[in-house]
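Everything on this sheet refers to the single structure shown next.
Count residues from 1 along the sequence.
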Amino acid sequence: MDKWKYIGESLDRLKAADNKLYELSNEIGLAYESPLVACSNDALDVSLKTLAMFAGDESGWIEWYYYECECGKKPMGAGAGEDMRLIDSIDRLRWVIEATSEEGGDELRHH
């Protein structure tokens with residue numbers, strides 16, 4: 001399997017599992033601070049950091065894409081220097097990671 005396809009599918013699966021836990025938590029009144037939710041959040045954090053290492057993302061774009069862009073469901077602009085693009089897919093996420101790696105991370109921008 002292609003590395004970026006794997007990253008995209010992994011992010012989608014993580015988001016689906018996180019959404020299910022959120023729905024269940026609301027349904028049964030499970031507090032955000034509960035051990036079950038905390039354990040799930042820890043596993044999510046480790047998974048996102050592992051995917052970032054695998055992708056060569058040293059600037060936190062994968063976490064930004066996951067949390068802020070909701071894996072492409074809420075596209076946002078990002079880029080390096082003056083080159084800004086709408087990040088709405090795993091291909092665009094790949095672009096911003098590679099573009100900002102080439103820039104050395106000095107000109108990272110998102111909105």
Side-chain angles (χ1 to χ4, degrees):
M1 176 182 286
D2 173 70
K3 174 171 85 170
W4 287 98
K5 182 177 179 183
Y6 176 80
I7 291 169
E9 288 177 2
S10 296
L11 289 170
D12 289 342
R13 290 176 66 192
L14 288 167
K15 184 57 86 176
D18 197 32
N19 288 340
K20 285 179 186 175
L21 179 60
Y22 179 77
E23 290 171 13
L24 177 64
S25 296
N26 284 336
E27 191 173 308
I28 64 173
L30 190 61
Y32 183 79
E33 301 81 19
S34 74
L36 177 62
V37 176
C39 181
S40 176
N41 288 337
D42 287 346
L44 175 59
D45 184 56
V46 168
S47 296
L48 292 174
K49 284 180 174 39
T50 301
L51 289 172
M53 285 177 39
F54 184 52
D57 173 20
E58 297 180 3
S59 299
W61 288 114
I62 285 181
E63 287 186 38
W64 174 80
Y65 181 75
Y66 183 87
Y67 290 113
E68 302 298 324
C69 294
E70 295 184 14
C71 295
K73 289 182 178 56
K74 288 175 58 177
M76 299 178 82
E82 295 299 315
D83 192 359
M84 297 288 288
R85 299 183 190 182
L86 192 64
I87 309 303
D88 59 358
S89 68
I90 197 69
D91 291 330
R92 288 290 178 98
L93 175 63
R94 178 182 183 173
W95 171 81
V96 78
I97 289 170
E98 291 174 352
T100 56
S101 292
E102 292 167 6
E103 290 279 330
D106 294 337
E107 302 260 343
L108 306 184
R109 298 182 8 196
H110 58 80
H111 65 278

* Does Leu24 share a hydrophobic cluster with Tyr22, counting links as ILVMFWY side-chain heavy atoms below 4.5 Å and allowing steps through other members? -> no

* Spacing of Asp18 atom CG and Glu70 atom CD [to the nearest 0.5 Å] -> 10.0 Å

* What's the shortest heavy-atom distance between Trp61 and Ala78, and which atoms? -> CZ3-CB, 3.6 Å

* **From CG (Leu51) to CD1 (Ile62), nearest 0.5 Å** => 5.5 Å

* To do: Please indicate whether Lys74 has more than 12 foreign heavy atoms, meaning atoms of other residues, nucleotides or ligands, lying under 6.0 Å from its NZ.
  => no

* Asked: Can you tell me how far CG of Leu36 sits from OG of Ser34, rounded to the nearest 0.5 angstrom?
  -> 5.5 Å

* Asked: Which pair of non-hydrogen atoms, one from Ile87 and one from Tyr65, has the smallest distance, and what is that distance?
  -> CG2-CD1, 3.8 Å

* Asked: When hydrophobic residues are tied together by side-chain contacts of less than 4.5 Å, even through go-betweens, does Met53 share a cluster with Tyr6?
  -> no

* Asked: Do you know the tightest heavy-atom contact between Ala99 and Ala80?
  -> O-CB, 3.9 Å

* Could you tell me the separation between the NZ atom of Lys5 and the CD1 atom of Ile90, rounded to the nearest 0.5 Å? => 12.5 Å

* Ignoring hydrogens and geometry, is there a side-chain-to-backbone donor-acceptor pair from Arg85 to Gly79 under 3.5 Å? -> no

* Asked: Would a 4.5 Å heavy-atom cut-off, applied to side chains only, mark Lys49 and Glu63 as touching?
  -> yes

* Minimum-distance pair of heavy atoms, taken over all atoms of Val37 and Ser25 -> CG2-OG, 3.7 Å

* To do: Give a yes or no answer on whether the side chain of Lys15 reaches the backbone of Tyr66 with a donor-acceptor pair at less than 3.5 Å.
  => yes

* To do: Please name the pair of heavy atoms, one in Ile97 and one in Gly56, separated by the smallest distance, quoted to 0.1 Å.
  => CG2-O, 4.1 Å

* Asked: Are any non-hydrogen side-chain atoms of Trp64 and Asp57 less than 4.5 angstrom apart?
  -> no

* Asked: Can you list the steps and then say if Val46 with Thr50 is a side-chain contact (heavy atoms from CB on, under 4.5 Å)?
  -> CA-CA 6 Å; Val46 168; Thr50 301; 4.1 Å; yes

* Structure fact -> For Cys71 and Leu11 the tightest heavy-atom approach is SG-O, 3.8 Å

* Asked: Got a donor-acceptor contact below 3.5 angstrom from the Ser47 side chain to the Ala43 backbone?
  -> yes

* Asked: Among the clusters formed by ILVMFWY side chains lying less than 4.5 Å apart, do Leu14 and Phe54 turn up in the same one?
  -> yes

